[in-house]
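These notes are about the structure you will find just below.
These values consider heavy atoms only, across backbone and side chains, with no hydrogens, waters or symmetry-generated copies. Every value quoted in this text rests on a predicted model; they were computed, and no experiment measured them.
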Amino acid sequence: MRTLRIALALGLLFIAPACSPRDFLTRRLASDLIASSDTFKRTQQFWLRTGMISNKDYISPEYLVLQRRGWITGTIDRCPPDIAPPPCWEVALTPIGVETFHDLIPSGAANSQYFDVPVARRQLTGITGISRSGTAADVDFQWKWIPLNEVGAALYAGGVQYKSIVGFRQYDDGWRIIEGSAPKSNLGLDEALKNAEPAP
């Protein structure tokens, strides 16, 4: 009886190290892999263009928010040959806009008319399901934008949650998230975030 216990203990000792925490795709592992992914951690950038812009850009939802906040102003102007459709707008930051964007614009871009502003980052709110099929899996998850500044708060409504599905694949060292683009099933994180829909 004693030798049987010793044999079982030794057997468990040799088998246990063969299984790593990444061998089993749990909600916690999926959450950790998604949240730590460079694609998921990438901040959302807003590209602000001042000077001459097309009507299509001037009436876009983002520019309408900037107009309503009083951060930009525009006057109708004649379109140069490389900008369409008419009418065109000469856009400038208002004094309030200069104050708002001053610390957000990179120091080397002060004289530029086109610059990017980091406005939000993603926050994972939960894993809602895992569907496995052999060495592949689809993970349903929800996330939301967290504004980084006043511009982000204006452009991204707080509390709106998005749902996405991302593909995972099991390798010899455990489960990995599929980065980049992938087929419709087992979507990569980049495609999953682009295809996000508001959650009910």
Side-chain angles (χ1 to χ4, degrees), residues 34-126 128 140-166 179-182 184 187-200:
I34 292 169
S36 64
S37 165
D38 289 339
T39 302
F40 192 81
K41 292 189 305 188
R42 190 178 309 132
T43 58
Q44 179 70 5
Q45 302 292 115
F46 171 69
W47 287 90
L48 177 64
R49 182 185 298 265
T50 57
M52 189 68 65
I53 67 171
S54 72
N55 192 54
K56 181 182 91 178
D57 291 334
Y58 190 68
I59 62 171
S60 70
E62 294 85 0
Y63 275 78
L64 290 175
V65 168
L66 300 180
Q67 292 169 47
R68 274 189 240 117
R69 292 289 178 120
W71 294 336
I72 62 170
T73 185
T75 55
I76 293 180
D77 206 345
R78 225 178 132 142
C79 289
D82 61 330
I83 298 179
C88 287
W89 296 84
E90 183 68 36
V91 174
L93 288 171
T94 64
I96 296 170
V98 170
E99 184 180 314
T100 302
F101 282 90
H102 180 267
D103 295 332
L104 304 177
I105 298 171
S107 58
N111 295 329
S112 176
Q113 291 187 328
Y114 191 60
F115 38 83
D116 66 323
V117 177
V119 290
R121 67 174 176 78
R122 292 178 187 90
Q123 179 182 48
L124 184 65
T125 58
T128 57
D140 297 17
F141 65 99
Q142 292 186 344
W143 58 277
K144 64 181 180 178
W145 287 113
I146 302 296
L148 297 175
N149 47 49
E150 189 177 357
V151 177
L155 295 174
Y156 293 96
V160 176
Q161 294 214 11
Y162 298 91
K163 61 180 180 175
S164 297
I165 301 171
V166 66
E179 294 284 349
S181 296
K184 189 67 174 163
L187 287 176
L189 185 56
D190 216 19
E191 287 297 313
L193 295 173
K194 287 178 189 173
N195 296 331
E197 300 173 357

Query raised in the report: For Arg49 and Tyr63, which heavy atoms make the closest approach, and how far apart are they?
Result: N-OH, 2.7 Å
Report summary line: Rounding to 0.5 Å, atoms OG1 (Thr94) and CZ (Arg69) come to a distance of 12.5 Å
Query - Side chain proximity check, Val91 to Thr73, heavy atoms < 4.5 angstrom - result: no
**Report entry** Close side-chain approach of Asp103 to Asn149, heavy-atom, < 4.5 Å
**Finding:** no
Report summary line: For Pro198 and Lys163, the nearest pair of non-hydrogen atoms, with its separation, is O-CE, 4.3 Å
Query - Pairwise distance CD(Gln142) to CG(Leu124) - rounded to 0.5 angstrom - result: 9.5 Å
Query raised in the report: Going by atom types alone, do Thr50 and Gln113 pair a side-chain donor with an acceptor below 3.5 Å?
Result: no
Query raised in the report: Are any of the side-chain heavy atoms of Trp71 and Val151 separated by less than 4.5 Å?
Result: yes
Query - Non-hydrogen atoms of Thr128 and Phe141 that approach each other most closely - result: OG1-N, 3.9 Å
Report task. Measure the spacing between CD1 of Ile83 and CG of Asp57 and express it to the nearest 0.5 Å. Result -> 8.5 Å
Query raised in the report: What distance separates Arg122 CZ from Leu193 CG, expressed to the nearest 0.5 Å?
Result: 4.5 Å
**Report entry** Asp116 side chain near Phe46 side chain, heavy-atom distance below 4.5 Å
**Finding:** no
Report task. Assess the side chains of Asn55 and Trp89: does a donor N or O sit below 3.5 Å from an acceptor N or O? Result -> yes
**Report entry** Step-by-step side chain to side chain donor-acceptor pair (under 3.5 Å) determination, Trp143 to Ser164
**Finding:** CA-CA 8 Å; Trp143 58 277; Ser164 297; 3.0 Å; yes
Requested in this report: Measure the spacing between CD1 of Ile72 and CG of Leu93 and express it to the nearest 0.5 Å.
Outcome: 8.0 Å
Report summary line: Pro147 and Ala153 have their tightest heavy-atom pair at CB-N, 3.4 Å
Query raised in the report: Between Gln123 and Thr125, is any side-chain donor less than 3.5 angstrom from a side-chain acceptor?
Result: no
Report task. Working to the nearest 0.5 Å, report the span between CD1 of Ile53 and CG of Asp77. Result -> 12.0 Å
Query raised in the report: Should Val166 and Ile34 count as side-chain neighbours, where that means a heavy-atom distance under 4.5 Å?
Result: yes
**Report entry** Within-4.5 Å side-chain heavy-atom neighbours: Glu99 and Ile96
**Finding:** no
**Report entry** Non-hydrogen atoms of Leu104 and Pro118 that approach each other most closely
**Finding:** O-CD, 4.2 Å
Query raised in the report: When the aromatic ring centroids of Trp47 and Tyr114 are compared, is their separation below 6.0 Å?
Result: yes
Query raised in the report: With a 4.5 Å limit on heavy-atom distance, are the side chains of Asp190 and Glu179 in contact?
Result: no
Query raised in the report: If you take all heavy atoms of Val119 and Gln45, which pair is closest and at what distance?
Result: CG2-C, 4.4 Å
Query raised in the report: For Gly74, does its backbone N or O pair with a side-chain atom of Gln67 as donor and acceptor, under 3.5 Å?
Result: no
Requested in this report: Check whether any side-chain heavy atom of Gln44 sits under 4.5 Å from a side-chain heavy atom of Trp145, and report yes or no.
Outcome: yes
